[in-house]
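Report on the following structure.
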Number of protein chains: 2
Amino acid sequence: MTDAKPTEPRLRLLLAAEALFARKGYDGATVREICDRAGMNVAAINYHFGDKERLYIETVRHAHACGVSDAGPPPQLAGLPPAERLRGFVAAMLKNMDAPVRPESMQLLMRELSQPSPATISVVEDFIRPMAMGLFAILAELLPDLPERQRLMVGFSVVGQCLYYRQNRTVSTLLFGAAAVDALSLDAITEHITRFTFAALGLAGAYPTVVRTEGAV
Amino acid sequence: MTDAKPTEPRLRLLLAAEALFARKGYDGATVREICDRAGMNVAAINYHFGDKERLYIETVRHAHACGVSDAGPPPQLAGLPPAERLRGFVAAMLKNMDAPVRPESMQLLMRELSQPSPATISVVEDFIRPMAMGLFAILAELLPDLPERQRLMVGFSVVGQCLYYRQNRTVSTLLFGAAAVDALSLDAITEHITRFTFAALGLAGAYPTVVRTEGAV
DNA sequence: GTTTGCTTCAATCAATTGTTTCAATCGCCC
DNA sequence: GGGCGATTGAAACAATTGATTGAAGCAAAC
């Protein structure tokens with residue numbers, strides 16, 4: 001299909017660059033590698049994008065444009081109570097990070113966020129801010145009387161729990177082994193974070209009291 | 001005086017390399033930059049370390065050796081109840097990350113953890129594992145009946161909340177402004193995470209006592 | 001068939017990279 | 001002071017980097 005090997009040379013370059021920038025970073029990836037992967041000549045970068053830096057910027061833009069469209073809007077939770085929407089938010093965030101539609105895009109965006117470059121701002125504005133606003137709308141409804149500063153930290157606690165599994169998977173694996181880490185299914189993590197957060201916010205009983213529902217396999 | 005500009009050339013190189021590797025990564029930092037900053041000739045790297053790669057490995061080792069010694073042992077909480085030790089753990093972790101004794105070391109180690117290299121394993125083993133074991137010893141005492149898998153996720157929730165503030169400070173600042181982010185003092189964050197976690201685990205009342213019913217919508 | 005505009009190619013450029021060389025210098029013990 | 005190993009310095013190395021050139025290819029339009 002055109003998806004696996006698109007005919008448009010510009011897109012071929014973007015996808016090749018995305019994969020290599022994601023894996024090796026801006027300095028680590030060379031224009032020759034990128035063009036080789038795209039099956040093109042080095043001059044192609046100069047022709048289509050001008051230079052390496054503009055190729056990088058365009059690659060990030062393309063990645064986050066795909067990310068925005070592919071991440072999909074949060075499920076239809078408009079009418080549900082805020083607690084249910086919070087659960088939906090956690091589930092959507094974990095799902096997007098765990099098995100994104102295009103892994104290289106996500107990897108590149110995460111790298112971009114951890115090491116800000118001129119291209120970072122637009123990623124934050126277009127990709128991250130909508131999610132953040134969604135979360136804090138839920139929290140404002142859920143905790144109307146909480147001072148804003150503390151509501152901010154509650155939000156950080158929620159996304160901090162979610163981000164951990166993507167940002168620190170390598171360390172977790174080195175510490176506890178691949179088996180233990182891989183055993184944590186997406187559903188299990190979602191369930192845990194939701195329950196942990198609900199318990200913290202008093203929306204449900206304390207965390208450990210609910211344990212027995214698990215089949216303990 | 002000797003601290004700002006140590007006389008030992010080897011150490012001068014290590015400190016210069018640490019700063020530049022931390023800021024620009026392995027590929028981004030050049031040997032000439034490093035030697036310039038150290039006030040030495042390019043040949044120094046070859047003489048003292050052999051090549052750039054071995055300099056990098058030694059730099060990471062040195063950084064995490066300093067980190068281990070400087071991070072300091074967890075405060076004397078041996079005899080205290082596990083809940084108090086958990087509070088101490090959160091406080092110590094946040095403090096180490098917020099204002100580490102040597103910021104460049106911490107930055108380099110965090111970079112190393114997010115983009116694993118051959119030098120990562122020893123960092124994890126010597127620097128991270130002791131902390132992790134300390135945390136899970138507390139959790140085992142605190143939640144003896146919880147299945148191990150869930151205890152693991154509880155640990156991830158605790159450190160995930162803490163790590164967020166270091167790993168995502170840039171994004172937070174872009175989203176909410178420097179003022180809002182900087183307004184979160186170390187004490188405030190420590191207090192928040194501790195209270196959030198305690199509430200989740202049923203060690204204290206729900207986080208915000210303001211939420212009574214979900215009368216909303 | 002020829003032209004036209006877009007795209008690709010091989011070859012090459014200048015600059016930078018990590019690395020090496022070898023002479024000069026330093027510090028120290030005899 | 002003389003000798004000597006350890007260290008440093010300036011220069012240059014080969015390789016790789018990003019960038020550029022001009023000719024060749026190729027499609028559609030005329």
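In what follows, every chain begins at residue 1, and chains take the letters A, B, ... in the order their sequences are listed.
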In whole angstrom, what separates [X]'s [atom1] from [N]'s [atom2]?
{"X": "Arg32(B)", "N": "dT19(C)", "atom1": "CZ", "atom2": "P", "value": "11 Å"}
{"X": "Arg10(A)", "N": "dC6(C)", "atom1": "CZ", "atom2": "C1'", "value": "15 Å"}
{"X": "Tyr47(B)", "N": "dT7(D)", "atom1": "OH", "atom2": "C1'", "value": "5 Å"}
{"X": "Asp36(B)", "N": "dG18(C)", "atom1": "CG", "atom2": "P", "value": "12 Å"}
{"X": "Glu8(A)", "N": "dT7(C)", "atom1": "CD", "atom2": "P", "value": "12 Å"}
{"X": "Leu13(B)", "N": "dG9(D)", "atom1": "CG", "atom2": "P", "value": "11 Å"}
{"X": "Leu55(B)", "N": "dT19(C)", "atom1": "CG", "atom2": "P", "value": "10 Å"}
{"X": "Glu53(A)", "N": "dA19(D)", "atom1": "CD", "atom2": "P", "value": "9 Å"}

**Report entry** Comparing Val42(A) and Tyr26(B) on DNA chain C - which has the more 5′ nearest nucleotide
**Finding:** Val42(A)
Going by atom types alone, do [X] and [Y] pair a side-chain donor with an acceptor below 3.5 Å?
{"X": "Glu112(B)", "Y": "Ser117(B)", "result": "yes"}
{"X": "Glu18(A)", "Y": "Thr59(A)", "result": "no"}
{"X": "Tyr165(A)", "Y": "Ser172(A)", "result": "no"}

Query raised in the report: Taking the six-membered ring where the residue is Trp, are the ring centres of Tyr207(B) and His192(B) under 6.0 Å apart?
Result: yes
Query raised in the report: Quick one: are the ring centres of Phe176(B) and Phe136(A) less than 6.0 Å apart?
Result: yes
Query raised in the report: Looking at dT8(C), dA10(C), dT17(D), which one has an atom nearest to any side-chain atom of Asn41(A)?
Result: dA10(C)
Requested in this report: Taking only the side-chain heavy atoms of Lys52(B) (C-beta and beyond), determine which of dT19(C), dC6(C), dT8(D) contains the nearest atom.
Outcome: dT19(C)
Requested in this report: Output yes when at least one side-chain N/O atom of His48(B) is less than 4.0 Å from OP1 or OP2 of dA6(D), else no.
Outcome: no
Requested in this report: Could you tell me whether the phosphate oxygens of dT20(D), OP1 or OP2, come under 4.0 Å of any side-chain nitrogen or oxygen in Asn46(A)?
Outcome: yes
Query raised in the report: Of Ala43(A) and Asp27(A), whose nearest nucleotide on DNA chain D comes first from the 5' end?
Result: Asp27(A)
Query raised in the report: When all nucleic acid strands are considered with a 4.0 Å heavy-atom cut-off, which category describes Ala29(A): base, sugar-phosphate, or nothing?
Result: sugar-phosphate
